[in-house]
Amino acid sequence: MMRWHYGLISLFLMACGAANAELIRVGAGGTVATLAEAARRARPGDVVELPEGELRGQVAVWTQAKLKIRGAGSGTTLNADGASAEGKGTFVVRGGRIEIENITFTGAKVPSGNGAGIRLESGALIVRDCRFLRNEMGILTSNDPTVSLVVERSEFGHNGGQKGNPHNLYAGTIARLEVSASYFHHARIGHLLKSRARESLIQYNRLTDEEGGQASYELEFPNGGKATVIGNLIEQSATTENPNVVSFGAEGYPSGGNKLVIAYNTFVDDRRSGGNFLRVHSGNVSVSAFNNLLVGGNGKLDGGPGAILDNNHAVSREAFAAPASYDFRLRPEAAAVLRAQLPADVMLAPIFEYVHPHATGGFSGAPVLPGAFQSVAK
């Protein structure tokens, strides 16, 4: 009876908290005039809504235990325009659970060379339907091992610079990184995506450096960890600065239990002098790669000693619908020959596929094709 009594009190308090939550609108005619005012006023559970259109030179630090920050209508563009919060970026986040939606971050630049659209320092952050364009860094996290970051349906492009460690997205030594249904392209010097997280889940994305791209790696896990890469289209451009598309453990393995799983991806190597689809550095690591399609390059995956490599196929561009426009659905004649082998662990089988520019689509039944796409070109 006592437990039920306390449960009723808890539900009552949660309901009161939801009822007292405030919608804080930023801008002319809103609740507050600026983002900085909204950050000072917001309390746990509130929603901060930014006006549709562009805001220039407005930055903020968010420290609330729970908060949602969203752009109204078709979205808000935050153009840093020379401003930065604490000399770090447009948003600095060190709260509990914060959600950011429907916002474009652009122009973040600081003297140290790593100005970020979002600098995540503590807590759990969820980013949905956002764009990070032409910053020195799209998202940059701290090295707090309790931090988690989830990115969904977002775009990262043309981020980077000439100094610092610029990347489209750079997760430090945090607990967990999850990225899905997102589009990464045209990094300037740095990587499309770099993660030092203890656990990384990268699924149903398009990571393509494309024409004129200068990315180093498309995907790097320098400290190993537990990384699962499923259902992605991953392309190395002709002008890349590094021959490796995916790199694992380049700086060693500071912790045990390192494991890399790469399944149902379509790898494309457009590097003129060829490159490596996968480079796994020696150490205490388990590697398995299966049901991947390999286009160009050296035609193989280098998983290192003891790697389990199964049902990965080198295929020509003629097997796909329209590779020049990044439509890597298989043609019917290729789909009739290539078949996936279902993994023993059903959790490693894809249930969605990437839909450009940043979404996913479902398919019925179990996956039958290798590569990132189960739908077949007509």
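In what follows, every heavy atom counts, from backbone to side chain, and hydrogens, waters and symmetry copies are set aside.
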- Between Phe105 and Phe91, how do the two ring planes meet: parallel, tilted or perpendicular, split at 30° and 60°? perpendicular

- Task: Report yes or no: do Thr240 and Asn242 form a side-chain donor-acceptor pair below 3.5 Å?
- Result: no

- How long is the span from the CG atom in Leu50 to the CG atom in Leu35, to the nearest 0.5 Å? 4.5 Å

- Heavy-atom pair with the smallest gap, counting every atom of Ala108 and Asn135: N-OD1, 2.9 Å

- Task: Provide the closest heavy-atom pair for Gly231 versus Asn265 in the form atom of the first, atom of the second, distance.
- Result: N-OD1, 3.3 Å

- Should the ring pair Phe184 and Phe156 be called parallel, tilted or perpendicular, given that the plane angle runs from 0 to 90° and is split at 30 and 60? parallel

- Item | Hydrophobic cluster partners of Tyr204 (side-chain heavy atoms under 4.5 Å) | Ile230, Val261, Tyr264, Phe290, Leu342, Leu348, Ile351, Phe352

- Item | Pairwise side-chain contact, Val246 with Val229, heavy-atom cut-off 4.5 Å (strictly under) | no

- Query: What pair of heavy atoms forms the shortest contact from Asn291 to Gln341, and how long is it?
  - Reply: ND2-O, 2.8 Å

- Message: Less than 4.5 Å apart, side chain to side chain, heavy atoms only: is that true for Leu293 and Leu330?
- Response: yes

- Is the shortest heavy-atom distance from the side chain of Glu235 to the side chain of Tyr326 under 4.5 Å? yes

- To the nearest 0.5 Å, tell me how far Glu178 CD sits from Ser200 OG. 9.5 Å

- Taking the side chain as every heavy atom from C-beta outward, state whether Glu49 and Thr76 have any pair of such atoms under 4.5 Å apart. no

- Query: For Glu136, does its backbone N or O pair with a side-chain atom of Asn159 as donor and acceptor, under 3.5 Å?
  - Reply: no

- Does the side chain of Glu155 come within less than 4.5 Å of His185's, by heavy atoms? yes

Anything under 3.5 Å between a donor and an acceptor, one on a side chain of residues 273-280, the other on a protein residue two or more places apart or in another chain? List them.
{"residue": "Ser273", "atom": "OG", "partner": "Arg271", "partner atom": "NH1", "Å": "3.0"}
{"residue": "Asn276", "atom": "OD1", "partner": "Asn298", "partner atom": "ND2", "Å": "3.1"}
{"residue": "Asn276", "atom": "ND2", "partner": "Asn244", "partner atom": "OD1", "Å": "2.8"}

- Measure the spacing between NZ of Lys68 and CD1 of Ile100 and express it to the nearest 0.5 Å. 12.0 Å

- Under a 4.5 Å cut-off applied to non-hydrogen side-chain atoms, are Val268 and Arg317 in contact? yes

- Message: On a heavy-atom basis, which atom in Gly71 and which in Ile103 lie closest, and how many Å separate them?
- Response: N-CG1, 3.8 Å

- Query: Is any NZ, NE, NH1 or NH2 atom of the basic residue among Arg43 and Glu22 found under 4.0 Å from an Asp or Glu carboxylate oxygen of the other?
  - Reply: no

- Message: Less than 4.5 Å apart, side chain to side chain, heavy atoms only: is that true for Arg339 and Asn311?
- Response: no

- Message: In this structure, is the centre-to-centre distance between the rings of His191 and Tyr217 below 6.0 Å?
- Response: yes

- Message: Testing Lys88, Lys109, Arg119 one by one against Asn114 for a side-chain contact (heavy atoms from CB on, under 4.5 Å), which residue passes?
- Response: Arg119

- Measure from the side-chain N and O atoms of Arg188 to the backbone N and O of His158, and report whether any donor-acceptor pair falls under 3.5 Å. yes

- Note on the structure: For Cys130 and Phe132, the nearest pair of non-hydrogen atoms, with its separation, is CB-CE1, 3.8 Å

- Task: Over all heavy atoms of both residues, which pair between Glu251 and Asn223 is shortest? Give the atoms and the distance, please.
- Result: CB-ND2, 3.9 Å

- Taking the side chain as C-beta and beyond, is there a heavy-atom pair between His167 and Met137 under 4.5 Å? yes

- Item | Residues Asp129 and Asn102: side-chain donor-acceptor under 3.5 angstrom | no

